[in-house]
2 protein chains.
Amino acid sequence: MSVRARMRRFEQALRERGLKSTAQRDDIARVFFGAEGHLSVEELYAAVRRVNPRVGYATVYRTLKLLKECGLAAERHFDDGQARYEPVEDDQQQHDHIICERCGKIVEFASQELERLQERIGRFLGFVVGRHRIELYGICAECREGRRRRPRSEHGVHRL
Amino acid sequence: MSVRARMRRFEQALRERGLKSTAQRDDIARVFFGAEGHLSVEELYAAVRRVNPRVGYATVYRTLKLLKECGLAAERHFDDGQARYEPVEDDQQQHDHIICERCGKIVEFASQELERLQERIGRFLGFVVGRHRIELYGICAECREGRRRRPRSEHGVHRL
DNA sequence: TGGCGAATTGAAAACGCTTTTCAATTTCAC
DNA sequence: GTGAAATTGAAAAGCGTTTTCAATTCGCCA
């Protein structure tokens, strides 16, 4: 989905809630939708500042909370102690993450087999499983070969 | 492993590091080893206080950090925003958790199939996977049937 | 187009959990 | 026992996040 389309979704969500459309909100949302996923608040704040230096930290937090409530952003808590956010594709199935502990690269994957297995384990233990958190931590190929130091987060979900 | 045996391990670890043995440290470690797993700092602090009201919060934090470094405690971060700690059995394989979102019950499980699958996914994506974090969230049988409100954390790892 | 009440904003304060500081106390090798 | 070094509790600081509050902005209605 394009940034444009997401912005329309956002504006619509605001209207539905009786909220106002402001320059700050729009700028934050636009930068967020335009960036590739897994941004920390700090990173988003810095990126938004480049576009509009008048936005404050609090507004970034508030807007992310809003985007989350609208279902346009997903909040993730990896092991680095700060929340990260990714834009949600509406056709996007649930997915998980594998993270390189050397360079910080985050790769998304979705495994049907993993879904099934998790479901089965839950049922065996008497649970009805709703959501899960699955994170694998390791070293990526590039880092093992000493090729790159800080690659960008790879984009898109690998379907397995 | 008994509380006694764990205490011996702890004392030994202290000696190896040239650290001193104190009443506070011993009390905290003993209570920790004696409790069933997944205690928050707050819970451990309260339990230790019942035994020895002279211990401070900071010392509980410091001792948990120490136990972690000695490999006698594992730190977990579930979705409730505070760290939880469990005693480590030395024969204990890596295990994962399933958590009831209604009553907070935490059940441990270890699935070979899950291990294998995770390993396979990692390799496919070019990673060498070291550790992982797998948490399933759902509703447990008791809660679904409205039987109990706040059961204790079930003890022991379910091997699947 | 202007006016007005309500929503929104930025800065700073508050928050919750955790770590650090520091002076006072305790441990332990001699 | 003695003294240097480690440890302690209380309080302060840290860190990411949320809330407060006065000032600004939005957008409905005249």
Side-chain angles (χ1 to χ4, degrees), chain A residues 7 10-32 38-46 48-70 73-85 104, chain B residues 7 10-32 38-70 73-85:
Chain A
M7 285 304 287
F10 182 50
E11 302 291 351
Q12 184 191 335
L14 290 178
R15 260 178 275 121
E16 280 168 6
R17 271 150 236 255
L19 300 177
K20 291 176 177 174
S21 169
T22 69
Q24 286 90 326
R25 285 223 254 251
D26 290 357
D27 288 339
I28 293 166
R30 196 174 308 105
V31 171
F32 176 66
H38 308 118
L39 278 84
S40 66
V41 176
E42 202 179 351
E43 289 163 353
L44 180 55
Y45 173 73
V48 171
R49 274 267 169 162
R50 269 174 244 130
V51 168
N52 178 351
R54 306 161 47 77
V55 295
Y57 239 113
T59 304
V60 175
Y61 272 104
R62 285 190 278 235
T63 304
L64 280 170
K65 191 176 186 182
L66 192 52
L67 286 165
K68 194 172 50 174
E69 285 163 10
C70 300
E75 188 178 353
R76 304 277 180 183
H77 293 265
F78 300 132
D79 273 357
D80 62 352
Q82 61 191 323
R84 292 183 174 274
Y85 296 83
Chain B
M7 286 304 289
F10 181 49
E11 301 292 350
Q12 184 191 334
L14 290 178
R15 260 176 276 120
E16 279 169 8
R17 271 149 236 256
L19 301 176
K20 292 175 178 173
S21 170
T22 69
Q24 286 90 327
R25 285 221 254 249
D26 289 357
D27 288 339
I28 293 166
R30 196 173 308 104
V31 170
F32 176 65
H38 308 118
L39 279 85
S40 66
V41 176
E42 203 177 352
E43 289 163 353
L44 180 56
Y45 173 74
V48 171
R49 273 268 170 163
R50 269 174 245 130
V51 169
N52 178 350
R54 306 161 47 78
V55 295
Y57 240 108
T59 305
V60 175
Y61 273 104
R62 286 190 276 233
T63 305
L64 280 171
K65 190 177 186 182
L66 191 52
L67 286 164
K68 195 173 49 173
E69 286 164 10
C70 301
E75 188 178 353
R76 304 277 181 183
H77 293 266
F78 300 132
D79 273 356
D80 63 352
Q82 61 191 326
R84 291 183 174 275
Y85 296 82

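What you see below is based on every heavy atom in this structure, not just the backbone, and it leaves out hydrogens, waters and symmetry mates.
Residue-level contact check: R62(A) touches the bases, meaning some heavy atom is under 4.0 Å from a base atom. Using a 4.0 Å heavy-atom criterion, one finds that G81(B) contacts the sugar-phosphate atoms exclusively.
Between the side chain of R25(B) and the main chain of F10(B), no donor-acceptor pair closer than 3.5 Å is present. R49(A) places no side-chain N or O within donor-acceptor distance of the main-chain N or O of Y45(A), the cut-off being under 3.5 Å.
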Which is it for H77(A) and H77(B) under the side chain to side chain contact (heavy atoms under 4.5 Å, CB included) test, yes or no, and what are the steps along the way? CA-CA 10 Å; H77(A) 293 265; H77(B) 293 266; over 6 Å; no
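Counting to the nearest Å, the C1' atom of dG16(C) and the CG atom of D80(B) are 12 Å from each other. We find that OH of Y57(B) is positioned 13 Å from P of dA10(D), with the value rounded to whole Å. Rounded to whole angstrom, the span from the CG atom of D27(A) across to the C1' atom of dT9(C) amounts to 13 Å. In this structure, CD of E69(B) is placed 11 Å from P of dT19(C), rounded to the nearest angstrom. Atom CZ in R15(B) sits roughly 10 Å away from atom P in dC28(C) (whole-Å rounding). As a whole-Å value, the separation of R54(B) CZ from dT7(D) C1' is 13 Å. Across the protein-nucleic acid pair, D26(B) atom CG and dT7(D) atom C1' stand 13 Å apart, rounded to whole Å. Atom OH in Y45(A) sits about 10 Å away from atom C1' in dA11(C), given to the nearest Å.
Here the side chain of A58(A) is nearest to one of dT19(D), dT17(D), dT18(C), namely dT19(D). Ranking dC28(C), dT7(D), dA7(C) by closeness to the S21(B) side chain, first place goes to dC28(C). Distance from the side chain of L19(A) is smallest for dA7(C) among the nucleotides dG16(D), dT20(C), dA7(C). Across dT8(D), dG16(D), dC17(C), the shortest atom-to-atom separation from the side chain of Q82(B) is found for dC17(C). Listed nucleotides dT7(D), dT18(C), dT19(D) differ in distance to T22(B); the shortest reach to its side chain belongs to dT7(D). If you check dA10(D), dT20(C), dT18(C) against the side chain of R49(B), the one that comes closest is dA10(D).
Annotation: of the two residues near DNA chain C, Y61(B) and G18(A), the 5′-most nearest-nucleotide partner is G18(A). Each of A83(B) and K20(B) lies near DNA chain C, and the nucleotide nearest A83(B) is the one positioned closer to the 5' end.
The local environment of CZ in R76(B) is crowded, with over 12 non-hydrogen atoms from other residues, nucleotides or ligands closer than 6.0 Å.
Here the straight-line distance linking atom CG of N52(A) with atom CG of D26(A) works out to 10.5 Å at 0.5 Å rounding.
Neither OP1 nor OP2 of dT27(C) sits under 4.0 Å from any side-chain N or O of R25(B).
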